[in-house]
Amino acid sequence: MPTGTTLIRAGRLADVIRGEVLTDREILIEGERIVAVRAIGAPDSAPEGRSSPGRVIDLRAHTVLPGLIDCHTHLVGDVQLSGIPSIQTSQAQETLLGVRHARTTLMAGFTGVRDVGTFRAFVDVALRDAIDAGDVLGPRMSVAGAYVTCPTGGGDITGLALDIGVPRDLRLGVASSPSEVRRVVREILHGGADFIKVLATGAVLTLGTKPGVPEFSEEELRAAVEQAAEYGTYVTAHAHGAEGIKRAARAGVRAIEHGSLIDDEGIQVMAEHGTVLVADLYDGDFIAEEGVRKGWPEETLRKNADTTVAQREGFGKALAAGVRMAFGTDAGVYPHGWNAKQLPYMVRFGMTPMQAIRSATVDAADLIGWSGRVGALEPGMLADVIAVEGDALSDLAAFEDVAFVMKGGQVVKGPAAGSPAAG
């Protein structure tokens, strides 16, 4: 844990709580937490007894913001498009790939992620714990542990012959009744997951499944929500199809992932229930371009084409209807570290630049349950800070090149990276 004090001088500072950009501000940090945010040259407003800063970081040519948070990542392993993910690599390989992806994500300015599932159960739990222990460099992680899915569903292993056995860790969350759903939810939470991810509809990348088709009943989804609540946590639902979205929202899930084929009724149900939409707006373009170039299955490309435009139209309608939003990219389908490519897409399809940044900071923290800890630059909060050169909010494409990253008071990229704060 960092010790001593640090002073960051910012030319521009994004106040995401109040939705404005302030000029000539400085952030006083002691150890891992923010002590004060004030105008440069203002009288010292830090609590009495604080020492003078032992390190000054000059970011007056930059826009300084809270560390970004991606609410839909898959850090463990590499995405497979054959319909049989994760059986061509060992658990050790999946873990080591996760270590690399975690570092890449942090260096891209994402100091927090909600990692929404891995086929190899609990590898994400191990990665989270290694990061928390300081053994691995990466973002703060909130993890799903494993997918809850129906047999042959979007989170199951498909495409195998009947006489081929599948290791239990690859199918741990498969369930086909309310009682089975409750059982696997308990097992996943006992294994160390922070929340539950259910596959409420088919998927684009899982061969044989149809994105518009519901894969759990409302009763089964409610069983997951109720069981998770007994453990003090929540459920998020992968849902492309309109009926699956409505079932999940009525069942009480906290968020809908993707939401590609949402209809007007689904938007109304989400708005009424306060359900958060996490829409991966950039993903479709990458799949279309890379899929053609690499010869991905025709089924995958067709399903991607059927969902991409509809998702973006639904996003705009949901935004106008007041549906809550949080930033999530599905990173892992495309290369890790490219997370910020989605920010301009959110503006293109209806958000203001500040709304897009809020979705990846304070709103993302609220969805995950991290409010008051991260997601804003406020006294008492953890010092997760990034900086982008110039007036970054004038063009959100600038976030693809983050110049400075601090996590919990430790500089990991940019000026003073690797040097300890003064004691």
Side-chain angles (χ1 to χ4, degrees), residues 69 71-73 76 112-129 132 140-151 153-156 168-201 214-239 243-257 259 269-270 272-278 324 326 328 363-374:
I69 301 169
C71 292
H72 190 126
T73 65
V76 173
V113 301
R114 187 179 63 142
D115 211 59
V116 293
T118 167
F119 282 92
R120 289 199 177 273
F122 306 131
V123 176
D124 54 354
V125 172
L127 180 60
R128 176 203 64 197
D129 292 349
D132 288 348
R140 305 179 195 282
M141 293 182 69
S142 180
V143 302
Y147 300 119
V148 178
T149 185
C150 72
D156 197 7
R168 184 168 180 269
D169 69 328
L170 290 173
R171 304 192 75 236
L172 185 139
V174 176
S176 57
S177 70
S179 61
E180 286 189 6
V181 167
R182 287 181 178 274
R183 176 184 59 80
V184 299
V185 166
R186 289 194 299 269
E187 186 165 3
I188 290 169
L189 294 175
H190 289 167
D194 296 299
F195 64 95
I196 293 296
K197 163 81 171 291
V198 298
L199 279 287
T201 72
E215 294 190 341
F216 277 123
S217 68
E218 189 172 326
E219 182 185 8
E220 289 167 327
L221 293 168
R222 186 170 288 108
V225 170
E226 291 174 352
Q227 189 66 76
E230 290 178 6
Y231 283 78
T233 190
Y234 68 93
V235 174
T236 195
H238 158 112
E243 179 59 27
I245 291 168
K246 286 177 277 194
R247 290 182 188 181
R250 288 193 297 258
V253 304
R254 183 175 292 185
I256 297 292
E257 313 293 321
V269 172
M270 288 186 66
E272 290 174 352
H273 286 77
T275 314
V276 180
L277 178 61
V278 182
R324 297 170 61 202
D363 294 339
D366 182 60
L367 169 59
I368 296 173
W370 289 348
S371 293
R373 295 181 60 229
V374 295

Partner of Ile196 under side chain to side chain contact (heavy atoms under 4.5 Å, CB included), chosen from Val225, Thr236, Ile188: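 The residue from Val225, Thr236, Ile188 that satisfies side chain to side chain contact (heavy atoms under 4.5 Å, CB included) with Ile196 turns out to be Ile188.
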Backbone N or O of [Y] within a donor-acceptor pair of the [X] side chain at under 3.5 Å?
X	Y	result
Arg128	Asp115	no
Thr233	Ala228	no
Asp124	Gly145	yes

Report yes if some heavy atom in the side chain of [X] is under 4.5 Å from a heavy atom in the side chain of [Y]; otherwise report no.
X	Y	result
Leu199	Cys150	no
Val181	Gln227	no
Phe122	Leu172	yes

What's the separation between atom [atom1] in [X] and atom [atom2] in [Y], rounded to the nearest 0.5 Å?
X	Y	atom1	atom2	value
Ser176	Glu215	OG	CD	12.5 Å
Leu221	Lys246	CG	NZ	14.0 Å
Lys197	Arg114	NZ	CZ	8.0 Å
His190	Tyr231	NE2	OH	3.0 Å

How close do [X] and [Y] get, counting heavy atoms only, and between which atoms?
X	Y	answer
Ser142	Ile368	CB-CG2, 3.7 Å
Glu257	Cys71	OE1-O, 4.1 Å
Val143	Gly192	CG2-O, 4.4 Å
Ala224	Val235	O-CG2, 3.5 Å
Ala146	Ala121	CB-CB, 3.9 Å

Can you list everything that forms a side chain to side chain contact (heavy atoms under 4.5 Å, CB included) with [X]? Sequence neighbours excluded, please.
X	value
Ala237	Val198, Ala200, Ala248, Val253, Ile256
Val174	Thr149, Pro151, Asp156, Arg171
Arg254	Tyr234, Leu367
Arg373	Arg140, Trp370, Leu382

Taking side-chain hydrogen bond (donor to acceptor under 3.5 Å, both in side chains) as the test, write out the residues that go with [X], two or more places apart.
X	answer
Thr201	none
Glu272	Gln268
Asp366	Arg324, Ser371
His238	His258

Set of residues satisfying salt bridge (Lys or Arg N to Asp or Glu O under 4.0 Å) with respect to [X], sequence neighbours excluded:
X	value
Glu220	none
Asp169	Arg120
Glu219	none
Arg250	Glu218, Glu243

Step-by-step side chain to side chain contact (heavy atoms under 4.5 Å, CB included) determination, Val76 to Phe119: CA-CA 9 Å; Val76 173; Phe119 282 92; over 6 Å; no
